[in-house]
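Keep in mind that what you see is a predicted model, and the values were worked out from it rather than measured.
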Amino acid sequence: MGNAVPAKVHQPGSMPGYSLPEYPYRTPPEVARGTTGAYPVIVVGAGLGGLTAALELGSRGIRTILLDEDNSVGAAGLSSRGICYAKRSLEILERFGVAERVRAKGVTWNEGDVFRGRERLYRFNLQPETDQKFPAFVNLQQFYVEQYLVERLQQMPAVDLRWKNRVSSVRQDGDGVYVTVQTPEGKYSCKARYLVAADGGHSVIRDKLRVRDAAHALLEDHWCIADVRLAKKEAAVRKAFLDSELNEGGAIWYHQMADGVWRTDWQISQYKRPDLEATPQRARKRLQKLLGPKVKFELVWVGPWRFRKRYVAKMLHGRVLFLGDAAAQHSPFGARGGNRAIQDANNLGWKLALVLEGKAHPDLLATYHDERHRAAREAVEIATRSACFIGPENPNQRVFRDAMLDLAQLDERMRSLVNVGRLSTACEYWDSPLNGVDDGIDAPLAAPGCAAPDGRLGEGYLVDRLRGEFTTLLFGEGAGAIPRQGNDALWARYGVPVEGATYVIRPDGHVLARCRGMDAAFAQRAIESALQYRAGERRTHVAAPSTIHDRDRLYEEFEASLEGMPAKDRERALARLAVALASRLPPDEATEAIRSVRRKRTPRAL
């Protein structure tokens with residue numbers, strides 16, 4: 001039994017009605033002519049990040065070659081991989097005509113259910129606002145999204161997408177980056193002014209350049225993905241099960257995708273032999289328990305996964321820029337991986353294009369590291385906290401996690417403590433050196449560094465005005481301005497005072513600067529300041545805004561409070577903690593908190 005070998009995983013490249021596309025290899029001109037190519041940009045890796053980066057550059061007329069060692073989309077067959085595409089990513093893809101294809105094919109959702117065992121704790125709504133162009137999330141298998149991006153790139157003359165082109169060596173100097181590329185017909189060399197490394201978690205570019213990680217660890221939790229086709233119809237609500245008796249006390253995630261396929265994620269670390277649990281046979285048995293004995297289903301894909309916690313120390317290495325999984329890896333909880341890669345490319349594309357066109361100083365690229373390195377670091381930290389809440393790694397984490405679940409069952413105000421994945425939203429560059437004037441407007445969600453909030457604008461939406469260039473939004477009366485009449489909600493969202501306001505939006509859709517009153521000259525000065533940016537310029541210190549992630553850090557502090565403590569001393573330590581916290585509350589609030597933990601509850605069955 002101890003020497004049993006797991007059955008082969010189920011990872012086909014086709015299913016009824018769909019097969020992964022295979023793209024033809026074409027002889028590169030360097031091979032045909034025996035020459036060395038020279039390009040403004042080489043992008044390595046045709047995943048979500050690399051494809052989006054090529055689109056960002058190609059749409060601005062920057063000659064780019066995109067190299068990929070494979071000849072198809074996706075990975076390991078029909079694996080759904082990244083399936084949740086956030087509102088911010090959809091806004092980015094809209095500029096390329098891809099977002100509507102994603103929404104039309106995928107499953108839209110805003111709500112999710114959280115269960116403990118068979119009891120539903122609560123349902124959340126990620127986007128209660130109804131005046132947005134895009135929903136909170138659209139679920140769609142990653143290979144479809146990549147296919148749509150490839151098909152759009154094929155219409156873009158500035159980009160040369162080369163399949164079966166594997167980078168085998170890379171070096172750089174002050175003038176450019178030099179790569180050797182292996183093809184079915186032999187190798188060739190080419191040079192670029194800049195190289196974008198989007199070649200995934202096993203990045204060849206990162207390894208060849210010996211890029212240092214700021215953090216790196218392989219987490220011990222084991223999971224199994226089972227994509228399954230069902231005939232039954234259900235509401236598009238994400239379901240997260242903690243401590244499920246249907247999975248020997250492990251967690252289960254349950255999402256609907258395209259083609260009647262559901263993505264299920266199963267925590268399997270609690271089994272004696274996790275390696276034996278990621279097989280089609282075991283997956284079928286667990287699925288039948290979850291779905292019911294009479295429900296028929298078809299396995300589409302089954303396989304194991306574990307996740308790393310890592311991010312590079314620098315996103316910018318000379319003339320090489322890292323994005324997506326090549327820059328950072330983390331757990332999938334919160335749908336941050338693919339969305340982060342798309343937003344990395346969105347941040348980088350306009351800056352690199354302006355530098356190559358001579359319209360901005362090369363120091364502008366340093367702000368790519370400033371902004372997206374923090375995004376990568378935060379994604380790693382946030383996703384890791386979620387993973388530790390879902391699957392506690394030690395008894396100290398378990399005792400506090402279980403206490404939080406107990407409180408959430410008793411008091412709806414405690415639900416925010418339950419961390420089953422803080423779902424992806426646009427990163428706020430609140431400390432960016434590019435941030436310009438903020439003239440005391442009371443609208444924190446539209447402050448410099450934030451993604452410009454959407455809302456109804458006339459017959460369309462505000463995001464329709466943002467087309468990848470610097471944009472000035474004038475709130476007030478006059479030609480081209482956004483009047484208050486008919487746009488009250490938008491004015492409120494942007495905190496527009498009675499005298500009106502001027503907002504300057506960056507090409508990536510983030511707010512650059514804002515002021516009271518309508519002032520076109522102010523907008524021009526803000527844009528010129530960004531284009532003339534020099535690294536090392538003094539930035540105005542801005543305090544970090546308070547977020548839900550600050551509360552999530554309490555989980556780590558609670559765990560640390562018991563670290564190294566003998567079991568016999570924990571009860572008194574927890575009592576001291578309770579008394580210390582209660583002493584900081586007004587007496588009536590402390591009394592209410594103490595009594596709340598004694599309340600009886602009525603379980604709500606599944």
Side-chain angles (χ1 to χ4, degrees), residues 88 91 129 131-132 346-347 350-351 354 359-361 363-364 367 370-371 374 426-458 460-547:
R88 180 68 191 127
E91 291 171 350
E129 303 93 347
D131 63 344
Q132 308 286 295
N346 175 240
N347 185 288
W350 67 276
K351 297 174 181 178
L354 287 172
K359 297 177 180 178
H361 191 276
D363 282 5
L364 182 63
T367 68
D370 292 331
E371 295 175 346
R374 184 169 65 79
C427 185
E428 298 176 2
Y429 307 139
W430 52 269
D431 60 345
S432 171
L434 290 181
N435 288 349
V437 172
D438 183 2
D439 194 12
I441 294 176
D442 185 17
L445 296 182
C450 293
D454 193 17
R456 292 293 306 195
L457 178 57
Y461 296 88
L462 184 131
V463 293
D464 295 332
R465 288 200 178 188
L466 310 181
R467 306 307 301 169
E469 302 172 340
F470 285 106
T471 304
T472 300
L473 301 177
L474 300 175
F475 290 85
E477 301 300 326
I482 301 172
R484 167 166 249 146
Q485 186 173 1
N487 298 300
D488 287 330
L490 198 60
W491 272 54
R493 199 161 289 158
Y494 279 80
V496 181
V498 292
E499 65 268 33
T502 300
Y503 273 81
V504 187
I505 312 300
R506 305 176 353 171
D508 59 4
H510 285 252
V511 177
L512 177 64
R514 61 184 181 178
C515 74
R516 293 171 175 268
M518 296 197 300
D519 190 340
F522 165 85
Q524 188 57 41
R525 290 193 300 271
I527 294 169
E528 289 174 358
S529 177
L531 295 176
Q532 296 168 8
Y533 172 78
R534 296 293 187 275
E537 289 182 356
R538 287 187 63 187
R539 70 179 77 177
T540 302
H541 177 72
V542 179
S546 178
T547 68

| query | Just wondering, do Phe470 and Ile505 contact through their side chains at under 4.5 Å, heavy atoms? | reply | no
| said: Other residues, nucleotides and ligands only: do more than 12 of their heavy atoms fall within 6.0 Å of CD on Glu499? | reply: yes
| query | Is a salt bridge present between Arg514 and Asp438, judged by a nitrogen-to-oxygen distance below 4.0 Å? | reply | yes
| note | Interatomic distance, CG@Leu466 vs NE2@His510, rounded to 0.5 Å, equals 11.0 Å
| query | Out of curiosity, Leu462 CG to Gln132 CD, how far, rounded to the nearest 0.5 Å? | reply | 10.0 Å
| field | Test: Arg484 cationic atom under 6.0 Å from Phe475 six-membered ring centre, within 45° of axis | value | no
| note | In this structure, CZ of Arg465 is separated from CG of Leu473 (nearest 0.5 Å) by 6.5 Å
| Atom OH in Tyr494, atom OG1 in Thr502: separation rounded to 0.5 Å? | 13.0 Å
| message | Can you tell me how far apart CD (Glu371) and CG (Asn347) are? Round to the nearest 0.5 Å. | response | 5.0 Å
| task | Nearest 0.5 Å please: distance from the CG atom of Leu434 over to the CG atom of Leu364. | result | 6.0 Å
| Would you call Glu91 and Arg88 a salt bridge, taking side-chain N to carboxylate O under 4.0 Å as the test? | yes
| Are side-chain heavy atoms of Leu490 and Arg456 found at a separation under 4.5 Å? | no
| field | Salt bridge present between Arg374 and Asp431 (N-O < 4.0 angstrom) | value | yes
